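Everything numeric in this text was worked out from a predicted model, so none of it was measured. FYI, side chains are in, hydrogens and waters are out, and symmetry mates aren't considered; it's all heavy atoms of this structure.
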Amino acid sequence: MSTAAPVSAVENFPNEIFELIFLGLEVRTLVRCKTLSRRCFYIIQSSASLTYKIELSKDGLEDFPSNHTSAQKLQKLLERRHSWATMQPARTIKAYMDRFGYFHVSGGLLVVALDPPDEDVEMDSESDEDSSDDEEMFGKALKDVADSVEGHIDDDEDFEYMTKFLIMQLPNVHTGEGIKIRFVYEMEVIPSEFEFDRSQDLLVIMHWEPQLIPGPEDNFVRIHLLLRTLSDNTAHPLAQQPHLGPIDTLHCNADPGPVDLHLAGDKLALVDNDNLRIWNWKTGTLLANVEMMGSARSFGFITPDYFVSTYGYSTCEPLRLYALGPWVNTDPNYTCAMLANLFLPSIDQPYENLNITDNISGSLERPIWGPERMFGPSDDNIRVLVLDSGIDLVEYISIGGPHPDDDDYDGSGHRVATTVMVVKNRRLVDIANSIMRARSIQDIQLGPSIFTCVNWADRVCTFLKALPPLATRRRGDIWMEAVEGNLALLSPLLEEVPTAHYVSDFGIPSGGIVEGPEAFQPPRPLSFTRDATKDLLHSPTRRMPFKDRRIPFTETGDEFRSACENIIHQDCLIKIKSQNGGGVHVLEILVFG
């Protein structure tokens, strides 16, 4: 008579049924299932779908619907990982432009606002006899490297406009598509700033009147916000009030740096050094009007319903977490609630906190991907809080002296070291959600919750040393395009005149994923999931240099220098250099994957 244990009905299931069950599990549970039995280990290890799910989580990415199989997606994911780890792009695009303006990247687009030229300039590939000699260094004309160009009108034609928006679709490494260019013209006003959301076909143009408004102590500037379509620059059909304003702000704030626009879903924020205003742009309702006291750069949406900011330039200032309403069974005029004070760590001196001067994250826009796009950044991304004493990020001994990029630079002057606090964005969202579940709006009105740094930032943050951007003056958005998903680009604290920038990968194993010989372990700063994070919170002077993978500067000749910081977006690294005294701009796009 056999004494073998009876086989359960579950064990008779085919491997395909187990695979379908495992696909519905969270990554943390899925990895633990590897240890249940040899059969479970084999099923998970040999399944392309399950392996792809685990590897996506390691890189902070999420899957998008496409026509590819899981095996094809896994192969592309591993190619992307190797490309970033070795800093070997799959493709490089280099082109020159006759001028370059202020810009933003989001949703796979690079949009640049171009003023009319001072004199007629043709944007084509026909040039003098030296063009062939310069092509290797500067590349071709921009429209000659694009797969398609729409709406372009030569500047030498009899056509007058206020601003020309260059809308560039970035290369897609998943499909092999190159850049596509479209031009949209603004005929009525000169934009002072703009913001856009491709997924909503939204273009917000900020314009201020040229006449100053006298005030009791200082003059004011009157600002107007125009809600247009990105496709053809007409009034947006979803905006009940396509013109918001007029809005008065102090004249000293009316500069492209201190006055910013932010978009997150149906929320539009206008922030300067004195006030933060947030509207529902579809209804035109003003939801928040918060005093800022000189801390405009500390603002940042974390979702369309939550944002963080600080009150002003002062020590011991917490990061303030807010929620946007309206809410059911509350005063309809009560549409902004401060949920919590998140205190920051002491960094340079005991019991003294430094203020936040930049709040950097990737785009919150839910991307529009074509049917062939396989994956992209998830909402479990990073946010970089830049902490310093509030003085300019670059200091030189004499104004107008030699620039560090110049050959005659003698080393005089110095650059102020900066501390960056890298935080997992989802932690802030989880705190906000937990408060909204635990407390009523009426209770929140009585006072915000209090979180010490160790209490809220343990295992979700790390501290690094970095150098500020190499610029003769500080423009507000110099670091604002430096984060995408779990990748961040900041100057390293290694040398006074760095010869390169670095990309750091904060894509960490999440939710208890076992680290071992088979786990991918790229060089990166201290992991959020290790005990070292807690040590940093108790002893934050143990800051690490912001260094990972080297990105050499583009070689374009001694008369060229960086026009802005490197930009990272959708596996593209964008570098821009300008010729001294204006003239030619060189645009280089490195495509990884």
For [X], what residues pass the salt bridge (Lys or Arg N to Asp or Glu O under 4.0 Å) criterion, not counting sequence neighbours?
X      : result
Lys73  : Asp63
Arg182 : none
Asp266 : none
Arg320 : Glu317

Donor-acceptor pair, side chain of [X] and main chain of [Y], under 3.5 angstrom:
X      : Y      : answer
Asp197 : Ser199 : yes
Gln200 : Gly265 : yes
Arg81  : Glu55  : yes
Thr303 : Asp305 : yes
Asn381 : Gly362 : no
Lys53  : Leu23  : yes
Ser57  : Ile54  : no

Give me the atom names and distance for the closest heavy-atom approach of [X] to [Y].
X      : Y      : result
Phe375 : Tyr52  : CD2-OH, 3.5 Å
Ile179 : Ile93  : CG2-CD1, 4.1 Å
Pro332 : Pro326 : O-CB, 4.4 Å
Leu244 : Gly284 : CD2-CA, 4.1 Å

List the residues meeting ring pair (Phe, Tyr, Trp, His ring centres under 6.0 Å) with [X], not counting sequence neighbours, and say none if there are none.
X      : answer
His207 : none
Phe592 : Trp84
Tyr306 : none
Phe165 : Phe194

Under 3.5 Å, is there a donor-acceptor pair linking the side chains of [X] and [Y]?
X      : Y      : result
Arg383 : Asn359 : yes
Thr229 : Asp232 : yes
Glu186 : Asn233 : yes
His224 : Glu209 : yes
His174 : Gln72  : no
Asp272 : Thr249 : yes

Should Arg99 and Asp115 count as an ion pair when the cut-off is N to O under 4.0 Å? no
Charged N-O contact under 4.0 Å between Glu150 and Lys180: no
Query - Non-hydrogen side-chain atoms of Tyr161 and Ile153 separated by less than 4.5 Å - result: no
Practice item. State, with a plain yes or no, whether a side-chain heavy atom of Ile247 is found less than 4.5 Å away from one of Leu225. Key: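 Of all side-chain heavy-atom pairs linking Leu225 with Ile247, at least one is under 4.5 Å.
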| task | For the residue pair Phe159 and Tyr185, categorise the inter-ring angle as parallel (less than 30°), tilted (30 to 60°) or perpendicular (more than 60°). | result |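 Answer is perpendicular, since the angle exceeds 60°.
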| query | Using the ring of each side chain (for Trp, its six-membered ring), is Phe307 parallel, tilted or perpendicular to Phe299, with breaks at 30° and 60°? | reply |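 Tilted: the ring planes of Phe307 and Phe299 meet at 30° to 60°.
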- Message: Apply side-chain contact (heavy atoms from CB on, under 4.5 Å) to residues Leu270 and Asp260 and explain how you reach the verdict.
- Response: CA-CA 6 Å; Leu270 173 68; Asp260 293 328; over 6 Å; no
*asked:* Set out, in order, the CA-CA distance, both residues' side-chain angles and the distance that settles side-chain contact (heavy atoms from CB on, under 4.5 Å) for Ile278 and Leu324, then state yes or no.
replied: CA-CA 9 Å; Ile278 301 178; Leu324 292 170; 3.9 Å; yes
Pairwise distance [atom1]([X]) to [atom2]([Y]) - rounded to 0.5 angstrom:
X      : Y      : atom1 : atom2 : result
Leu587 : Leu110 : CG    : CG    : 7.0 Å
Lys143 : Ile181 : NZ    : CD1   : 10.0 Å
Leu109 : Leu230 : CG    : CG    : 6.5 Å
Ile589 : Met168 : CD1   : CE    : 5.0 Å
Ile382 : Ser361 : CD1   : OG    : 9.5 Å
Leu286 : Leu268 : CG    : CG    : 10.5 Å

Could you go through Glu188 and Arg228, starting from their C-alpha distance and side-chain angles, then the distance that decides it, and tell me whether this counts as salt bridge (Lys or Arg N to Asp or Glu O under 4.0 Å)? CA-CA 13 Å; Glu188 299 177 1; Arg228 308 281 184 80; 3.6 Å; yes
Show the numbers, then the answer: is there a side-chain contact (heavy atoms from CB on, under 4.5 Å) between His104 and Phe196? CA-CA 8 Å; His104 293 285; Phe196 72 94; 3.9 Å; yes
For residues 267-290, the ring pair (Phe, Tyr, Trp, His ring centres under 6.0 Å) pairs (sequence neighbours left out) are His236-Trp281
Sequence neighbours excluded, the answer for side-chain hydrogen bond (donor to acceptor under 3.5 Å, both in side chains) partners of Arg277 is none
Across all chains, not counting sequence neighbours, the side-chain hydrogen bond (donor to acceptor under 3.5 Å, both in side chains) partners of Ser449 are Arg439
So Thr310 and Leu319, side-chain contact (heavy atoms from CB on, under 4.5 Å) or not? Walk me through it.
CA-CA 5 Å; Thr310 55; Leu319 189 66; 4.2 Å; yes
message: Is it the case that over 12 heavy atoms from other parts of the model lie below 6.0 angstrom from the CD atom of Glu26?
response: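 Counting neighbours around CD of Glu26, 12 or fewer heavy atoms of other residues, nucleotides or ligands fall under 6.0 Å, so no.
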side-chain hydrogen bond (donor to acceptor under 3.5 Å, both in side chains) pairs touching residues 324-343, sequence neighbours excluded, are none
